[in-house]
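Hydrogens, waters and symmetry mates are skipped; everything else that's a heavy atom, side chains included, is used.
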Amino acid sequence: MTDLRKTLKTSLAEARARLEAALKEEGFGLLTEIDVSATLKARLGLERPPYLILGACNPSLAAKALEAEPDIGLLLPCNAVLKEGEEGVEILLQDPRNMFQVLSQEKQAALKPVV
């Protein structure tokens with residue numbers, strides 16, 4: 001998997017606040033939140049460390065991506081993961097330079113301005 005990772009020695013709430021602030025600086029907002037730990041607990045009775053998937057979107061970039069490739073919605077929104085581990089809270093983001101490798105070379109070239 002090609003991702004960007006950073007571990008913060010802080011609480012999940014603080015890591016989330018810092019991530020949201022950094023995303024906002026780049027024109028992104030959060031559209032979705034999936035609390036994986038809570039879902040696994042409610043549906044399967046499994047206890048897991050905190051694990052959140054946040055769906056981020058930059059409307060300007062999304063519009064450009066949709067213009068270049070109308071089916072790009074399969075890869076949107078851009079997900080960020082926050083998970084609690086032994087070293088702190090790990091933040092994972094898909095590397096935008098590699099995110100579109102599943103597409104043809106032609107479509108990758110069309111999306112290059114978005115990356």
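Residues Ala68 and Leu111 approach most closely at CB-CD2, 3.7 Å, considering heavy atoms. Residues Thr10 and Ala15 share a closest heavy-atom pair of CG2-N, 3.8 Å. For the residue pair Asn58 and Phe28, the shortest heavy atom distance occurs at N-CD2, 3.4 Å. Here the shortest heavy-atom pairing between Ala80 and Leu19 reads CB-CD2, 3.8 Å.
Between Leu23 and Glu26, every side-chain heavy-atom pair lies at or beyond the 4.5 Å cut-off. Residues Leu4 and Lys6 have side chains not in contact (no heavy-atom distance under 4.5 Å, counting atoms from C-beta outward).
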Worked check of side-chain contact (heavy atoms from CB on, under 4.5 Å) between Leu103 and Ile72: CA-CA 9 Å; Leu103 303 172; Ile72 200 70; 3.8 Å; yes

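Put simply, Leu76 and Leu31 are part of two different groups of oily side chains (I, L, V, M, F, W, Y) that touch within less than 4.5 Å, one to the next. When hydrophobic clusters are built by joining Ile, Leu, Val, Met, Phe, Trp and Tyr residues whose side-chain heavy atoms come closer than 4.5 Å, directly or via intermediates, Leu74 is not grouped with Val102.
Under the side chain to side chain contact (heavy atoms under 4.5 Å, CB included) criterion, Thr7 pairs with Glu87, Glu90, sequence neighbours left out.
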Side-chain atoms of residues 59-66: list all donor-acceptor pairs with protein atoms under 3.5 Å, sequence neighbours left out, distances to 0.1 Å.
none

For a quick test of your reading: what N or O donor-acceptor pairs under 3.5 Å do the side chains of residues 36-56 make, sequence neighbours left out?
{"from": "Ser37", "atom 1": "OG", "to": "Pro49", "atom 2": "O", "distance (Å)": "2.5"}
{"from": "Ser37", "atom 1": "OG", "to": "Tyr51", "atom 2": "N", "distance (Å)": "3.0"}
{"from": "Thr39", "atom 1": "OG1", "to": "Asp35", "atom 2": "O", "distance (Å)": "3.0"}
{"from": "Lys41", "atom 1": "NZ", "to": "Glu47", "atom 2": "OE2", "distance (Å)": "2.6"}

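Within the structure, side-chain hydrogen bond (donor to acceptor under 3.5 Å, both in side chains) contacts touching residues 76-85 (residues at least two apart or in different chains) do not occur. Evaluation of the salt bridge (Lys or Arg N to Asp or Glu O under 4.0 Å) test over residues 68-80, restricted to residues two or more places apart or in two chains, returns Glu69-Lys107. Under the salt bridge (Lys or Arg N to Asp or Glu O under 4.0 Å) criterion, the residue pairs touching residues 12-23 are Arg16-Glu20, Arg16-Glu33, with sequence neighbours excluded.
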